[in-house]
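To start, the structure itself, in structure tokens.
We use all heavy atoms of the structure for the numbers below, so side chains are in, but hydrogens, waters and symmetry mates are not. The sequence lines fix the lettering, A, B, ..., with proteins before strands; numbering per chain opens at 1. Computed from a predicted structure; not experimentally measured.
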Amino acid sequence: MENEKHHIVPYMTHIMVLLGLILLTVITVLITSVELGAYNTAAAMLIASLKGAVVLLYFMHLKFDHKIYWVMVSLVIAIFAAVIVVTFFDYLYR
Amino acid sequence: MTDNIETRHEPNYLEYRGKHGGILGWLTTTDHKRIGLLYFYSMMTFFLAGVVMGLLMKYELISPGEQIMGPQTYNGLFTLHGLTMIFLFVIPGVAAVFGNFFLPILIGAKDVSFPRLNLMSWYLYIIGAIVVLISQFMGDGPPDTGWTFYAPYSLKTNTNVVAAVTGAFILGFSSILTGLNFIVTMHRLRAPGMGWLRMPLFGWALYGTGWIQLLATPVVGITFLMVIAERVLGIGFFDPAIGGDPILYQHLFWIYSHPAVYIMILPAMGAITEIIPTFARKTIFGYTAIVISSMAIAFVGYFVWGHHMFTSGMSSTSRWVFSLLTFLVAIPSAIKVFNWTATLYKGSINIQTPFLWSIAFIFVFMIGGFSGLVVGSLATDIHVHDTAFVVAHFHYIVFGGTGFAFFGALHYWYPKMFARVYNFKIANIGLLIFFIGFNLLYFPMFYLGMLGMPRRYYDYLPMFHSANTLSTIGSWIMAAGLLVIIINLARARRGKGKEVDDPWDGKTLEWQIASPPPVENFEQIPVVEHGPYEY
């Protein structure tokens, strides 16, 4: 671990990510005024997932980390997705 | 595991005087063993408070009609009993006390990966506990929702729900940080030669538990924040009157709270798995199967939460899906029981107090497990849902499982923690009284539930009288047994017990160092050359 190289992310990248997150937040608010029916929720979830992914990749350095962290995060996301699927056995068939 | 490791000239963790002495030395310690003891003493305090609440509730139910409290007091009391026992005793439970104390030693490390974070976890635990207790005395009275805080009632009651859920939220952080610490410790600090499949099984149990703590606890944290947001800001998450969905609350709550059962029981199973080979004088049967079953329980246990909601109005499709998944989780649990009993087969069994606790654990856990099949089946659950049957099943699993394993582990590791042995005869008598009292207290509740006696009422119909009286008498016997056990252990701690190093001739690493363990456990990190249970 001690010998691993630490990737230094330029300030500009962080600023761009921050601006991206602000833009996505604005889109989240604006999209509520567009009538998409049930897709409104899907759109909100999609934007939130994008924001989460950007935070994970850049602010939490996943993009520059060892593969094992990719595996761990992927497993967690897979479990989370499975929980959502199982929950929807209720919502889709109620 | 390795040749005997001599560390006797090092000061032990009880004698060590660091920067601060006395109580300040304890409150600022980052030694995993001392933090384990901080958890132990605080948890035992909360546990005994919870026992007193339980005794009061059982006394109220000794006969029909009001005895010592009215309905509102009873509602508040069972809520506080649940909060105390669940969030302050069984969830931190075996992991916080014995995991903290023994995990680094068992894997040949000097401490956990993040010792300061470990101390912070204990402080969060204490702060959370204080907030929960304060909730009883401020605002409009103690919460009366039960420990589940079901919406929409928890949104409408005038009692002090916000403070109670805030306390539970803080306690969740303590749990997450402990889980994280244990996972990283096992990944990074295993002794040279200790591959994953040479790690003691208590470590594996804590590993599975750590992942559940890490992945499930945030869900309930966010759910509690949503309850606060709805109560304070009127945002319609769960109340149908303002566009919310009360079943969503139940989903979110049980997505955490069912895996929480495995947070309680997995370390308990791990402790039993350490005790049995030591007293069977035999290698554990099916090491790999136990490892896989621990991880399978952690994984499958994540997907069975809906069995708490069979009668809540969720879709019939999801009911059978959850019922099926629930039956699947019985398989890895049964594998463990088979492995424990197979380990005993042809072993040179040394019948000592920790072994007797383990056998008692298996007995009560089996009753809890089999009654779980009744509530896991859709048809029979409809009949017994929200009755005393569920209370009995729950206590057989949680108290019978975690509680018995906790006391078993305490009797097993006590000589290592304090270098003293307790009086074996009194310990066995205490266990016998406790065991009789426990079964007399909870078994009649199965019968009462089958007859249809609802749970969470301070009063009942005369037809339920005799079984309730029997159950109340059982609570007194169990409390008497508990008293014998605690006094016996306290006497040994106060110097009445014989000084020992290793009364059981254990093979895992903790038995290779001095008792009580030196401050840094090992002068030199050991090199592990074989598996943990080589007899």
Side-chain angles (χ1 to χ4, degrees), chain A residues 1-6 21 25 28-29 31-33 35-56 59-62 64-94, chain B residues 113 176 179-180 183-184 187-189 207-208 210-220 222-223 243 245-256 258-259 295 298-326 328:
Chain A
M1 193 73 170
E2 290 76 21
N3 299 329
E4 282 175 15
K5 271 198 276 183
H6 291 280
L21 288 171
T25 308
T28 310
V29 176
I31 209 160
T32 55
S33 55
E35 188 48 62
L36 294 172
Y39 293 107
N40 270 123
T41 312
M45 290 283 279
L46 189 68
I47 296 168
S49 306
L50 264 175
K51 286 163 76 180
V54 168
V55 169
L56 273 171
F59 285 168
M60 299 178 79
H61 284 223
L62 189 62
F64 318 105
D65 256 329
H66 199 274
K67 285 280 175 286
I68 185 74
Y69 300 111
W70 279 89
V71 172
M72 283 188 168
V73 171
S74 307
L75 277 174
V76 170
I77 290 172
I79 290 174
F80 177 69
V83 166
I84 298 286
V85 168
V86 174
T87 309
F88 270 78
F89 276 117
D90 176 22
Y91 284 94
L92 292 178
Y93 297 100
R94 202 187 287 175
Chain B
S113 277
I176 292 169
L180 175 74
I183 291 171
V184 178
H187 272 275
R188 309 296 301 178
L189 296 182
Y207 187 72
W211 277 108
I212 308 175
Q213 287 172 303
L214 211 55
L215 298 183
T217 316
V219 179
V220 82
I222 290 182
T223 310
D245 177 5
I247 298 179
L248 174 64
Y249 175 85
Q250 295 190 24
H251 275 300
L252 292 172
F253 180 81
W254 290 114
I255 284 173
Y256 164 73
H258 192 77
M295 298 312 287
F299 181 74
V300 183
Y302 211 84
F303 299 99
V304 301
W305 74 86
H307 66 218
H308 294 272
M309 301 162 57
F310 284 158
T311 63
S312 69
M314 66 178 180
S315 77
S316 54
T317 307
S318 61
R319 274 182 249 173
W320 71 255
V321 168
F322 279 119
S323 185
L324 175 73
L325 289 167
T326 300
L328 286 182

Winner by heavy-atom pair count (cut-off under 4.5 Å) against chain A, out of B:Asp245, B:Val219, B:Ile255
B:Asp245
Heavy-atom distances under 4.5 Å only: say whether B:Leu248 touches chain A with side chain, backbone, both or neither.
both
With a distance cut-off below 6.0 Å to the six-membered ring centre and an angular limit of 45° from the axis, does B:Arg319 pair with B:Phe322 as a cation-pi contact?
no
Test item: B:Ser312 side-chain N/O and B:Met309 main-chain N/O as donor-acceptor pair under 3.5 Å:
yes
Give the ring-plane orientation class for B:Trp254 versus B:His308, where under 30° counts as parallel, over 60° as perpendicular and anything between as tilted.
parallel
Taking A:Val76, A:Val83, A:Leu92 one by one, which has the highest count of heavy-atom pairs under 4.5 Å against chain B?
A:Val83
Which atoms of A:Phe88 come close to chain B, meaning under 4.5 Å heavy atom to heavy atom: side chain ones, backbone ones, both, or neither?
neither
Verify the neighbour count for atom CZ of A:Phe59: are there more than 12 heavy atoms of other residues, nucleotides or ligands below 6.0 Å?
yes
